[in-house]
Visitor: 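Below is the structure I would like to discuss, written out as structure tokens.
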Protein chains: 2
Amino acid sequence: MQKSGGQDQGNPAGQIAARSRGRPRAFDRDAALEQATQLFWRKGYAATSISDLTEAMGIGSPSLYAAFGSKEELYAEALRHYAERYEFRVWGNFRAAATAREAIMVFLRDSTAALTGSCGSNGPLGCMVTLSAVGSEGHAELGERVRVARRVGLTRIEDRLSRAVSAGELAGKVDIPGLARFFVAVQSGMSILARDGATRAELEAVASNAMRAWPETAG
Amino acid sequence: MQKSGGQDQGNPAGQIAARSRGRPRAFDRDAALEQATQLFWRKGYAATSISDLTEAMGIGSPSLYAAFGSKEELYAEALRHYAERYEFRVWGNFRAAATAREAIMVFLRDSTAALTGSCGSNGPLGCMVTLSAVGSEGHAELGERVRVARRVGLTRIEDRLSRAVSAGELAGKVDIPGLARFFVAVQSGMSILARDGATRAELEAVASNAMRAWPETAG
DNA sequence: GGAATTATATATCGAGCGATGCAGAAATCG
DNA sequence: CGATTTCTGCATCGCTCGATATATAATTCC
């Protein structure tokens with residue numbers, strides 16, 4: 001439908017791309033994308049209008065369409081931006097943890113901070129990916145992207161738990177996908193609690209309770 | 001804004017109201033409300049248009065406005081309808097359970113069926129109340145109704161757990177609001193998993209894992 | 001039957017939606 | 001410099017949104 005090309009401004013390593021000719025863009029594309037992301041994050045896809053976006057981004061609609069193509073493409077790029085800019089708050093320490101149990105623990109604990117905005121983030125409450133309902137709103141392609149993003153988290157946990165089985169930290173009979181889905185479900189539930197105004201301390205209690213479900217090592 | 005009165009057709013006990021004069025309504029109001037409920041449930045408030053609604057309900061827009069007042073009022077009534085028509089699938093056995101532990105267990109187990117449509121329900125996947133984002137979409141009053149509905153579930157569990165403390169089933173030192181919020185979070189997370197296509201068996205595994213977090217009676 | 005009352009069907013309403021056409025401004029290239 | 005290229009601001013496109021005015025059909029009351 002759209003001439004998808006665009007200018008591929010998203011260069012891989014933050015480098016300034018080869019200078020194009022013609023009039024230069026008058027706004028900071030990344031800053032505008034950040035504003036759009038937060039708006040989609042807070043209000044969802046359907047309830048966010050182009051007017052809302054252009055006002056928050058401080059640009060006119062032709063500039064928006066020149067830089068991002070369409071509302072759908074902008075949302076897709078906002079999802080990418082969100083993953084790059086915010087997900088490390090939840091997954092950063094997860095990767096570095098020595099044991100799977102600690103990994104899950106910091107995953108849940110860091111989530112309490114990220115979801116309630118207690119980590120210095122200026123973002124809205126809850127997780128943009130978890131709370132997105134764009135797939136149910138009649139935008140199948142975007143919905144699939146969101147589902148994939150959700151599945152990434154599940155797979156990360158599954159992989160970490162599988163490694164724990166190999167390392168003897170978990171018994172081989174443990175249902176790894178089931179356990180992984182449980183922890184993902186807990187974090188998803190925390191997103192909804194956060195959006196309803198739950199405090200970080202309240203989410204900490206949820207996380208502590210969830211950790212009690214950790215399988216007995218039966219040592 | 002609107003002349004809110006209407007005809008108060010929702011009589012308390014399913015009785016047929018005193019026959020009004022004039023031309024009778026040509027459609028079944030409850031059946032139409034059921035259709036509207038399922039549409040809001042599946043697509044959300046913002047993404048559901050009046051055209052969608054009138055088509056699904058099989059009526060013209062003037063009939064919709066005569067019967068329900070406005071889109072917002074229709075959504076509010078759909079929430080009420082949803083609570084009356086669907087919530088017993090999740091909470092019915094909860095009330096009858098002998099112990100708090102069994103109550104939570106059947107609450108989660110019945111949720112797996114209700115959320116995946118495995119209970120003979122023809123409804124969409126997931127919970128309409130849990131997954132609603134109407135409050136973030138700029139409709140504060142509806143958002144508050146949804147938040148209240150979500151809080152009802154939390155309070156039910158809190159009350160049941162408190163009774164369990166009184167009955168000696170749980171130790172007095174247990175953080176009841178925290179434990180209640182944990183189980184609510186698990187069920188909310190199951191709603192999102194269900195909407196993403198999780199099977200009932202997968203949700204059963206989530207429920208089983210969650211039950212392992214039940215506090216030790218330390219007998 | 002005739003008057004009064006109420007619901008429906010058709011055809012819109014103004015507003016806002018997502019998206020563009022166009023002319024001018026601002027840069028690079030020769 | 002002039003030619004070319006690209007972006008921006010203004011105005012607006014066609015469309016759909018939520019919501020109604022109007023005329024007609026269907027019922028009750030007398």
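Here is the naming used below: chain letters follow the sequence lines, and residue numbers restart at 1 for every chain. Source: prediction; values computed, not measured.
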Visitor: Whole angstroms only, please: what is the CE-P distance between B:Met57 and D:dG18?
Guide: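 The answer, rounded to whole Å, is 13 Å.
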Visitor: Would you mind telling me which of D:dT20, D:dT24, D:dC7 lies closest to the side-chain atoms of A:Arg25?
Guide: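 Closest of the options to the side chain of A:Arg25: D:dC7.
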Visitor: Does any pair with a residue in residues 142-163 of chain A pass side-chain hydrogen bond (donor to acceptor under 3.5 Å, both in side chains), and if so which ones, sequence neighbours excluded?
Guide: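 Qualifying pairs, neighbours excluded: A:Arg150-B:Asp196.
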Visitor: Could you please name the option among C:dA26, D:dT27, C:dT20 that lies closest to any side-chain atom of A:Pro62?
Guide: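 Side chain of A:Pro62 sits closest to C:dT20.
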Visitor: Touch check for B:Thr48, heavy atoms < 4.0 angstrom, all strands: base, sugar-phosphate only, or nothing?
Guide: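 Here B:Thr48 touches the backbone only, sparing every base.
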Visitor: So, taking the atom named CZ in A:Phe183 and the one named CE in A:Met105, what distance separates them when rounded to the nearest 0.5 Å?
Guide: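 The CZ atom of A:Phe183 sits 11.0 Å away from the CE atom of A:Met105.
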Visitor: By the 4.0 Å heavy-atom rule, please label A:Ser49 as base, sugar-phosphate, or nothing.
Guide: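 Counting heavy atoms under 4.0 Å across all strands, the contact made by A:Ser49 is with sugar-phosphate only.
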Visitor: What nucleotide, of C:dA19, D:dG18, D:dT27, holds the atom closest to the side chain of A:Ser61?
Guide: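 Of C:dA19, D:dG18, D:dT27, C:dA19 is nearest to the side chain of A:Ser61.
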Visitor: Consider the side chain of B:Phe27, meaning its heavy atoms from C-beta on, and name the nucleotide among C:dT8, C:dA19, D:dT8 that approaches it most closely.
Guide: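 For the B:Phe27 side chain, the nearest candidate turns out to be C:dT8.
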Visitor: Could you work out which one of D:dA26, D:dT4, D:dT8 sits closest to the side chain of A:Arg21?
Guide: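 Minimum distance to the A:Arg21 side chain belongs to D:dT4.
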Visitor: Where the side chain of A:Tyr65 is defined as all heavy atoms beyond and including C-beta, which of D:dG18, D:dC7, C:dG18 is the nearest nucleotide?
Guide: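 Comparing D:dG18, D:dC7, C:dG18 against the side chain of A:Tyr65, the answer is C:dG18.
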Visitor: Within the modelled atom types, does a donor on one side and an acceptor on the other bring the side chain of B:Arg23 and the base of C:dA7 under 3.5 Å apart?
Guide: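 Donor-acceptor pair under 3.5 Å: yes.
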Visitor: From C-beta outward on B:Ser70, which listed nucleotide comes closest to its side chain: D:dA26, D:dA19, C:dA19?
Guide: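 The answer is D:dA19, which lies nearest to the side chain.
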Visitor: Can you tell if the side chain of A:Met128 reaches within under 4.5 Å of the side chain of A:Leu131, non-hydrogen atoms only?
Guide: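 No; the side chains remain at least 4.5 Å from each other.
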